[in-house]
Each structure stands twice: as C-alpha cells, then as structure tokens.
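Each chain gets a letter, A, B and so on, in the order the sequences are listed, and its residues count up from 1.
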Amino acid sequence: MTVMVDIRSVHKSFGSLEVLKGIDLAVRTGEVTVILGPSGSGKSTLLRTINHLEKVDGGAISVDGALIGYRRAGDRLYELPEREVLRQRTRIGFVFQNFNLFPHLTVLDNIIEAPVSALKRPRKEAVDTARRLLDRVGLAEKADAYPRQLSGGQQQRVAIARALALEPKLLLFDEPTSALDPELVGEVLDVIKDLAHQGTTMIVVTHEIGFAREVADTVVFMDDGRIVEQGPPGDVLDNPRHDRTRAFLSKVL
Amino acid sequence: MSSDTLAKAPAAPDIPEGADSLRIVPQRRLGQWIAAVAVLVLLGLAANSVLRNDAFQWDVVADYFTSRSVLRGLWLTLWLTAVVMVLGFALGTLLAAARLSANPVLRAVSWGYVWLFRSIPILVQLLLWFNIGALYPQILGVKTVDLLGPVTVAVIGLTLHEAAYAAEVVRGGILSVDRGQVEAAQALGLSRWRRWWRIVLPQAMRSIVPPAGNMLIGTLKGTSIVSVIAVQDLLYSVQLVYHRTYEVIPLLMVATVWYTVVTSVLSVGQYYVERYYARGSEAAR
C-alpha cells in the first residue's frame with residue numbers, strides 16, 4: 001500500500017511554546033487514522049500543518065508524493081507562492097470543529113463555491129455534483145437553505161459535502177463532533193463512517209473513542225506535542241503500553 | 001429537591017385548587033398615560049407656534065422651495081455627498097486593508113493617516129486646502145489657484161476627512177467577521193481576491209452598513225460647511241438669496257426642509273440595504 005501522508009520530524013512553536021516536538025507519522029492510502037489526546041497535546045495543530053493552515057518551523061510533510069507548502073532544492077525548502085499552496089489545498093478536504101460554513105451563502109452556494117472559483121468547473125456541473133453530495137449526506141432538500149436555518153449536525157454534514165466537492169485525495173477532520181449537541185453526534189459520525197468504508201483516506205482528530213475503535217485502521221495517541229504511541233485500535237485502546245495513554249483512556253472511557 | 005417531593009408538598013396558601021381558572025389583571029400604568037398626554041400637549045403647542053407664527057413666512061418658503069438657484073444648490077449638495085462618500089470609502093477601504101496587513105510599514109502609515117485627519121477639524125482643513133497656494137504657488141507648472149478651485153478643494157478636503165472615518169468603519173466590519181471564515185476559504189483553496197470579495201466583505205457589510213448610513217447622512221449635512229469657501233451648495237444658495245432679500249428665516253427653512261427630505265429618503269434606502277446584507281441571518285428568516 002502506498003503512503004498518502006508522510007510527516008517527518010515536524011516541529012511547531014507558538015512564540016516560546018513548542019506545541020509539536022518532532023512528529024513522525026505515515027498514513028497509508030485508503031486508511032483511516034484517528035488521533036486522540038488531551039487538549040493542548042498538539043493534535044489539532046498537527047492536522048492544520050497537513051494543509052499548511054499552520055506553517056511548520058522544522059521538518060517536512062508530503063501528501064500524495066508532493067511536499068506541502070515548500071519546494072525543495074538541495075538541502076533547502078523554499079516557501080511556495082500562495083497560488084501554489086491554494087492549489088495543493090484543493091486536493092485536501094478539511095472539516096472544522098465549528099463547521100465554518102459561509103452564513104451569507106445558501107447550502108448549494110457553499111458547496112459549489114470552491115469547485116467553480118478555485119477549480120474553474122462549469123457551474124452546471126458543480127451544481128449537479130453538489131446535489132449528488134447533498135443526497136449522499138441526507139440533505140437533498142436543504143440545497144436552498146441558509147446554514148443558520150440548519151441544526152449543528154446538518155451544518156456539519158453540509159461542511160463534509162463542501163469538502164468532498166473538490167474530490168480530495170485526503171480528508172482531514174478537526175474534532176468534527178465536538179461542537180454538536182450529544183444527540184446530533186451520531187448522524188455526523190455515520191456520514192464519516194460511510195466515507196471510511198468507501199476507502200477514503202482520512203485523518204480524524206476526535207474524542208469519540210467508540211468511533212475510533214469501530215472505524216480506525218490506526219489510532220495515534222498524542223500528548224505534550226509528541227506521539228506517545230500508535231497502532232491498531234485493538235492495541236492502543238485495549239492494551240496501551242504507556243502510562244499516559246492508560247491515564248487518558250481511563251478518563252474518557 | 002426531586003419532583004416527587006414537590007408533588008407531595010402542600011400547595012402554597014394563596015393558590016387554590018384549580019389555579020388555571022384565576023384571571024390575570026395587568027398592572028395599571030397611570031404614570032405612562034400622564035407622560036404620554038403631557039408630551040402630546042407640548043408637541044401640539046410647538047406645532048401651533050410654528051404654523052401660526054407669521055415670521056416663518058411659509059409663503060416665502062413655498063416661493064423659493066423649487067426656485068432655480070435652490071435646486072442648483074441642492075444638486076451640488078447631492079453630487080458632492082455622493083462623490084465624497086464613494087471616494088472616501090474607496091480610500092478608507094484601502095486604509096483599512098493596509099491597517100490589517102502583515103506589513104508593519106503599511107500598518108503604521110494607515111494608523112498615522114487616521115490619526116492626522118481625525119485630528120484636524122474639517123473647517124480648518126478646508127481653509128488650509130483653500131490657501132494651499134501660499135505653500136505651493138505652482139503645482140506641475142500650473143498656478144495652484146487655477147488648479148484647485150473651491151469645488152475641487154471641497155472634494156479633496158471632505159474626501160480625506162471622510163476616508164479617515166471610513167477606514168475605521170471598514171476595519172471594524174472586517175474584524176467582526178469570524179476568523180474561521182477566512183480559514184475555511186483558505187482550506188478550500190479560494191484565492192486572496194475571492195476570499196475578500198466573496199467571503200469577508202459581504203459579511204463585513206452587515207457591520208459596515210449602519211455606521212456607513214450614519215456617515216452618509218452626516219456627510220450630506222456636513223457638506224454645508226463648504227459654504228465658507230463660497231461653493232454654491234444648498235446652504236450657500238439660500239444664503240445668497242437672504243443676503244439680498246433679508247428673508248433669513250424662511251430661506252433657512254427652505255434648506256432645513258430639503259435636508260430633512262433627502263435624509264428621510266436615505267434612511268429608507270438604508271433599511272433596504274441592511275435587509276439585503278442580513279440575508280442568511282436569523283433576523284431575515
């Protein structure tokens with residue numbers, strides 16, 4: 001199996017606070033990686049470096065064989081112009097904790113915005129794709145609604161459809177259910193599970209241990225800017241080797 | 001206390017069995033009625049004194065209301081307001097973008113501009129521009145006096161003043177847009193230009209329109225200050241008439257009524273613009 005995401009010794013600091021202290025991680029094509037860890041462990045920051053929403057201070061990340069955000073010449077990494085970075089991002093879908101739908105645009109316009117303006121797809125084609133995706137997340141009848149007219153769970157499903165509209169090679173989820181009322185978590189997880197079963201490569205930062213157990217090929221446990229351990233969910237969740245993993249799991253399970 | 005113990009607790013003494021048959025009598029607000037009547041009486045007295053006072057000379061007001069020189073002055077006031085608003089907000093938007101940019105030099109220059117032009121009273125500024133010929137007798141080989149006539153000075157002075165305030169209004173609007181909106185647009189690969197025009201600005205407009213409407217109305221009336229440099233706006237036009245006829249009050253009433261009419265039209269316009277930019281928000285449902 002080929003490697004989709006290759007993260008090598010990534011470091012990142014905010015001021016004097018080092019939030020990523022040398023991360024190495026490989027995600028294979030078609031697999032689901034779930035990242036667990038306490039707040040402040042750096043898991044969201046790591047996810048955001050993968051599509052260059054955060055620049056790294058050291059190390060390198062490649063997605064589908066291409067360096068993200070930089071061009072290498074010899075032993076130097078030259079930062080890419082924004083246009084190139086934006087093009088790279090269209091291959092990587094990102095779903096935010098707070099959905100971040102555009103409130104002044106209808107659901108349909110939210111979904112076709114990037115295909116039409118960033119990928120220059122014909123509008124009609126983009127609309128057809130958007131309607132198919134809305135049907136897939138169970139919201140076919142909400143195309144003309146505005147985001148604020150939807151429940152949190154519905155908004156997040158629209159956000160997933162919006163990410164899928166770019167036909168990304170990789171999907172990144174940053175705590176996709178953390179902002180939802182408990183009874184709405186299931187409908188969003190169902191959509192993500194459905195994508196996982198269809199072989200979409202994805203990295204999911206979450207606190208949903210049950211989801212990790214059911215869907216993940218690999219579970220990564222992070223603490224204090226480092227990966228403490230990683231492996232199949234059966235190993236990491238049921239037989240953790242490190243005390244910190246055990247301590248974390250005992251609190252959330 | 002659990003609901004179980006509540007149900008067993010005896011009813012409070014004032015609440016009889018069958019509480020749903022009790023009738024609720026609203027409080028009688030006598031003070032409100034007295035205040036309302038008093039205000040109406042005062043309003044009536046004021047209206048009476050205005051309409052019955054012959055010194056207002058309402059017939060003279062009617063004569064000049066649509067006279068040629070007054071309408072020409074009104075037209076100048078209207079287009080001057082429009083030009084100053086458009087140029088002022090164009091410059092103000094650039095200043096706001098500079099202030100929010102990552103470039104420290106641009107940020108400092110923008111801050112300095114706003115500081116300077118908010119510090120100088122508009123009247124002082126107009127007089128300075130009007131007398132700029134004393135500093136620079138010639139600009140690019142042309143006599144400054146010929147280049148900068150009163151109307152040009154009015155446009156320049158009012159625009160520079162307006163831009164300083166517009167910059168703050170636009171900046172406030174942009175800051176009111178959630179940071180996540182830009183991140184989502186970046187994550188979707190939208191270009192800088194597209195993020196600005198399609199995502200940030202339309203959302204910023206919700207916060208920009210109310211103060212901008214205020215500024216528009218303020219500018220409309222504020223243009224009357226150009227009468228000090230002999231620009232024939234609405235105010236100066238009526239002044240020209242009353243310097244000749246001494247009918248000061250009725251001619252000031254002509255200007256007053258016109259300013260009120262235009263302001264009313266603008267207020268109605270603002271309502272519809274606000275409604276447009278509120279689409280997608282809870283209030284517009």
Side-chain angles (χ1 to χ4, degrees), chain A residues 44 47-48 50-54 69 81-107 109-120 144-150 155 158-159 162-166 168 170-174 179, chain B residues 93 96-98 100-104 106 169-170 172-213 270-285:
Chain A
S44 285
L47 198 70
R48 291 159 59 86
I50 298 173
N51 74 346
H52 208 58
L53 275 181
E54 301 287 357
E82 193 187 20
R83 193 165 34 85
E84 297 288 317
V85 176
L86 291 171
R87 201 178 47 76
Q88 290 186 329
R89 288 201 185 116
T90 61
R91 323 301 299 274
I92 304 171
F94 199 103
V95 176
F96 295 86
Q97 179 177 349
N98 295 316
F99 332 135
N100 288 342
L101 293 177
F102 306 129
H104 59 303
L105 303 180
T106 63
V107 163
D109 284 339
N110 263 276
I111 299 174
I112 67 171
E113 175 61 29
V116 170
S117 85
L119 296 183
K120 311 293 176 208
D144 297 320
Y146 283 97
R148 289 206 181 103
Q149 296 167 337
L150 306 179
Q155 289 190 51
V158 171
R162 181 172 74 170
L164 290 173
L166 290 166
L170 168 69
L171 273 177
L172 306 175
F173 292 87
D174 187 7
Chain B
T93 305
L100 296 170
S101 80
N103 186 330
L106 291 184
V169 167
V170 173
I174 293 169
L175 289 179
S176 76
V177 178
D178 180 31
R179 171 100 193 98
Q181 292 289 307
V182 177
E183 282 194 344
Q186 285 176 327
L188 287 166
L190 303 189
S191 67
R192 186 178 291 252
W193 181 251
R194 189 78 180 171
R195 295 200 297 268
W196 169 255
W197 276 107
R198 178 73 165 162
I199 306 301
V200 175
L201 203 58
Q203 295 185 62
M205 286 305 279
R206 282 202 69 196
S207 315
I208 292 175
V209 169
Q270 182 181 348
Y271 168 79
Y272 285 102
V273 173
E274 275 179 30
R275 206 173 63 165
Y276 173 77
Y277 282 110
R279 71 197 191 283
S281 76
E282 246 118 350
R285 239 191 251 182

For a quick test of reading the model, state the closest non-hydrogen atom pair linking [X] to [Y] and the distance between them.
X      : Y      : result
B:R195 : A:L86  : NH1-CD2, 3.8 Å
A:A114 : B:L188 : CB-O, 3.6 Å
A:H104 : B:R198 : NE2-O, 2.7 Å
A:F102 : B:A184 : CE2-CB, 4.1 Å
A:F94  : B:A187 : CB-CB, 4.0 Å
A:L101 : B:Q181 : O-NE2, 2.8 Å

Just so I understand: if I count every heavy-atom pair under 4.5 Å between each of [options] and chain B, which residue has the most?
options                     : value
A:R162, A:Q88, A:R87, A:R83 : A:R162
A:R91, A:H52, A:R89         : A:R89
A:A163, A:S117, A:A118      : A:S117

- Message: Can you tell me which portion of A:N51 sits under 4.5 Å from chain B's heavy atoms? Options are side chain, backbone, both or neither.
- Response: side chain

- Message: With a 4.5 angstrom heavy-atom cut-off, is it the side chain or the backbone of A:L119 that approaches chain B, or both, or neither?
- Response: neither

Side-chain touch [X]/[Y], heavy atoms, less than 4.5 angstrom:
X      : Y      : result
B:Q186 : A:V85  : no
A:R48  : B:E183 : yes
B:R194 : A:V116 : no

- Do the side chain of A:N100 and the main chain of B:G180 share a donor and acceptor less than 3.5 angstrom apart? yes

